[in-house]
Amino acid sequence: MIETSICQIVFYVFALLAILFAICVVGSRNPVNSAMNMALSFGCVAAILFGLGAQFLGIVQIIVYAGAILVLFLFVVMMLDLKDEERNTGSMRSAAVGTTIAAILAGLITSISLSLPGATEISCPMAAICDNIGELAPGAEATQATPTPGYGGSLPALSPAAAAKAVQPDISDAEAAKATSMQDIRLLGQTLYTQYNIAFVILGFALLSGTVGAVALARKIRKD
Amino acid sequence: MDAICNWWNDLMSNDIWFYLLTTAVKLVIMFALILAFVVLSVWIERRVAGWIQDRPGPNRAGLPLFLLQRFGSKEKQPLKDVLHFFGIPETSRIARLCTWLRLDREIPTFGLMQPCLDGGKLFLKQETTPSYVRKLYFIVAPMLVLGPPMVAAAVLPFASCVDTIYGSISMCVANLDIGPLWIFAISGLSVYGLTLAGWSSNSKYPFLGGLRATAQLISYEVAMGLSVIPLLMMFGTLNLQSIVQYQADNGWTLLPLWGEGLSLQRWVMMLPLGISFLIFVTCVFAEANRTPFDMAECETDLVGGYHTEYSSMKFASFFMGEYAAMVIGSAVVVTLFLGGWSIGFGADAALASYSQWLAVLCQTLMFIVKLLAFIFFFVWVRWTLPRFRWDQVMKLGWLVFLELTVANIFLTAAVLYFVK
């Protein structure tokens, strides 16, 4: 019981901090302050992922976003030596654009969470995954978990078995139980290269075209 | 007494308390080990530098002999008088140990006290903060350089595990399933320290140093991450403790002489693994900002680089951060390529079957010996090779190492698939 309560406290503390730092990113005038707040926010998101048992995703969050992309942001901000921005208030157009983008993002996140298995029966997708853990207990019959009304606020660590069940709802319990011995990296790899293989390859090509474009821009143009 | 024993039993039988207490003890040991090695590597650096350049190096600061001299006269060798005072015969083991430590000479203990005196000097120096710096980041930057290497050390295993009556203790602080990635991610964060130090100093040369550090660290992180993939393909796990256990059972990565290491596949694998080793070690040099890659603090063109404006303990933090990065880098190379704590030739299993605690002790000593050897290598390279030019560093990172590591991954896959 102690473990779950610690998990909950850690989750809520880091979620709150992530939101606070994200607000600071938008709110602070100095671009370097913004960038550093963004780094802290990424760190908090990584901590949440760690708390959910997705260690690989958490560490990749730190390596890719905090360790590389944001450092490049900082690099550019410092190179351009941006001054504190003037407080710009009252532009209807920018407000409208911002609201539209935020609404699209919120819609995307909602649709993804609703597409998780069991999300429509129970009020929280994470709770659905918790119920799957109960189902996977050795010797337990594969009965439909009774949907608990309302989200009780329990967020246990995501076990690989439950995660396997979440990404591949059609696999049998035996296969999912076998997945408990798998690490989350293997699980992620399997999902990416089987279920989402085409999307993955397309994304790879998109990144490749970006790289080729960057090389073409950086190439010295011969004068002849 | 019984009450205390019972209380201790109850406490240790609780899983959570057992975990917390053992982790705290391991944390203290690991932290002390790393800090001691940071200090020791400064001394090794200066002594080896002296040796390579055919000069004595720091040899004046030994154990404070003036304390001993209180017992004896100043002209005569005080050691004899001290021994006489305590009634120890001159031919005894203690006397011979003292002679070996050169306590009877004018220049005692190989100058081993030098780092302590350096530290004291830096601690007592006047702290000057220029008026034109950006204060907050100026203060935070040294912490961001010193902190990450210490945190990264948490996943390094320094011995195998011990079974106690309360449960098994794995001899590394955090036995994560993402060992090498954790080290890359956390030690990669020290780039913030260098960049912010350069920027917040608000002056020309530190800024150039900070920019160089950013570009260099990001470039070499790519090659570093890609160069360990062949190893991970062979081990099939990212848990450092299991990686070292595999090496203890089946031959070190670069010395497959026992267990499954004698198979044809492992010997053919030596080719891609050798390439990986070369690239990884070079990247560790670049990540630790050491010569021949010390572009960020290259004094010939940047005064002192990113730490030009720093003084006293803030400068010392940068200094210690650099050496901590070097120690951690060496430890990672030792863990991934040179067998980590494993004694080798099946001695680990034999020792463990005799006594697990003895095995752990021997393995820790083995790890320390390997670490010292690799730190010596680090220093040797620094005082032998000249510094690269800036564009050469970038070219090496992006045009040579990146392509070579990607090709190496395909080569490894081919070897693993075709050679059985």
Side-chain angles (χ1 to χ4, degrees), chain A residues 1-7 28 30-33 35-40 42-43 46-47 49-50 53-82 84 160 181-189 208 211 214-215 218, chain B residues 14-17 19-20 134 136-137 140-141 144 148 151-152 155 174-196 198-200 202 206-208 210-219 221-222 224-225 232 236-239 242 287 398-399 402:
Chain A
M1 271 299 104
I2 296 173
E3 266 177 58
T4 36
S5 70
I6 288 176
C7 270
S28 68
N30 187 337
V32 174
N33 280 347
M36 290 311 291
N37 277 320
M38 204 163 170
L40 289 173
F42 284 150
L49 287 171
F50 269 113
Q55 294 178 340
F56 181 71
L57 280 183
I59 211 71
V60 162
Q61 171 92 10
I62 293 181
I63 292 181
V64 175
Y65 288 100
I69 291 179
L70 212 77
V71 175
L72 284 180
F73 274 22
L74 211 59
F75 189 87
V76 173
V77 167
M78 287 174 181
M79 280 282 263
L80 297 178
D81 197 20
L82 297 176
D84 288 1
S181 59
M182 288 201 292
Q183 295 157 338
D184 55 344
I185 305 161
R186 198 165 292 177
L187 197 63
L188 189 77
L208 183 67
T211 318
V215 171
Chain B
N14 187 331
D15 277 348
I16 292 172
W17 275 105
Y19 179 76
L20 282 180
R134 296 165 169 110
L136 175 66
Y137 291 121
V140 168
L144 282 177
V151 180
V155 292
N175 199 3
L176 295 183
D177 279 339
I178 44 164
L181 293 177
W182 170 268
I183 294 174
F184 297 160
I186 302 297
S187 59
L189 290 181
S190 60
V191 66
Y192 280 105
L194 305 186
T195 316
L196 287 175
W199 175 75
S200 66
N202 216 353
F207 182 64
L208 286 173
L211 288 186
R212 279 185 178 189
T214 318
Q216 179 182 319
L217 262 64
I218 290 182
S219 310
E221 224 165 69
V222 177
M224 190 163 154
L232 304 180
T237 173
L238 273 171
N239 186 320
S242 343
E287 289 285 310
W398 286 109
L399 294 183
L402 187 60

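Chain naming here is simple, since letters A, B, ... match the order of the sequence lines and numbering starts at 1 in each.
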Q: Return the option, out of A/Leu72, A/Leu70, A/Val71, with the maximum number of heavy-atom pairs under 4.5 Å with chain B.
A: A/Val71
Q: Report the option among A/Ala66, A/Gly67, A/Ala68 that has the most heavy-atom pairs separated by less than 4.5 Å from atoms of chain B.
A: A/Ala66
Could you pull out every donor-acceptor pair under 3.5 Å between side chains of residues 211-219 of chain B and any protein atom, sequence neighbours left out?
from, atom 1, to, atom 2, distance (Å)
B/Arg212, NH1, B/Met295, O, 3.1
B/Arg212, NH1, B/Asp301, OD2, 3.1
B/Arg212, NH2, B/Asp301, OD2, 3.0
B/Thr214, OG1, B/Thr195, OG1, 3.1
B/Thr214, OG1, B/Gly210, O, 2.8
B/Gln216, NE2, B/Ala286, O, 2.9
B/Gln216, NE2, B/Phe293, O, 3.0
B/Ser219, OG, B/Ala215, O, 2.6
B/Ser219, OG, B/Trp398, NE1, 3.0

Q: Under the ring pair (Phe, Tyr, Trp, His ring centres under 6.0 Å) rule, collect the residues that match up with A/Tyr65, sequence neighbours excluded.
A: A/Phe42
Q: Sort A/Val32 into side chain, backbone, both or neither according to what part of it lies under 4.5 angstrom from a heavy atom of chain B.
A: both
(Q) One pair to check against side-chain contact (heavy atoms from CB on, under 4.5 Å): B/Leu196 and A/Met78. What are the steps and the verdict? (A) CA-CA 9 Å; B/Leu196 287 175; A/Met78 287 174 181; 3.8 Å; yes
Q. Out of B/Tyr137, B/Tyr192, B/Phe207, which residue meets the ring-ring contact (aromatic ring centres under 6.0 Å, His included) rule with B/Trp199?
A. B/Tyr137
(Q) Please classify the contact between A/Leu74 and chain B as side chain, backbone, both or neither, with a heavy-atom cut-off of under 4.5 Å. (A) side chain
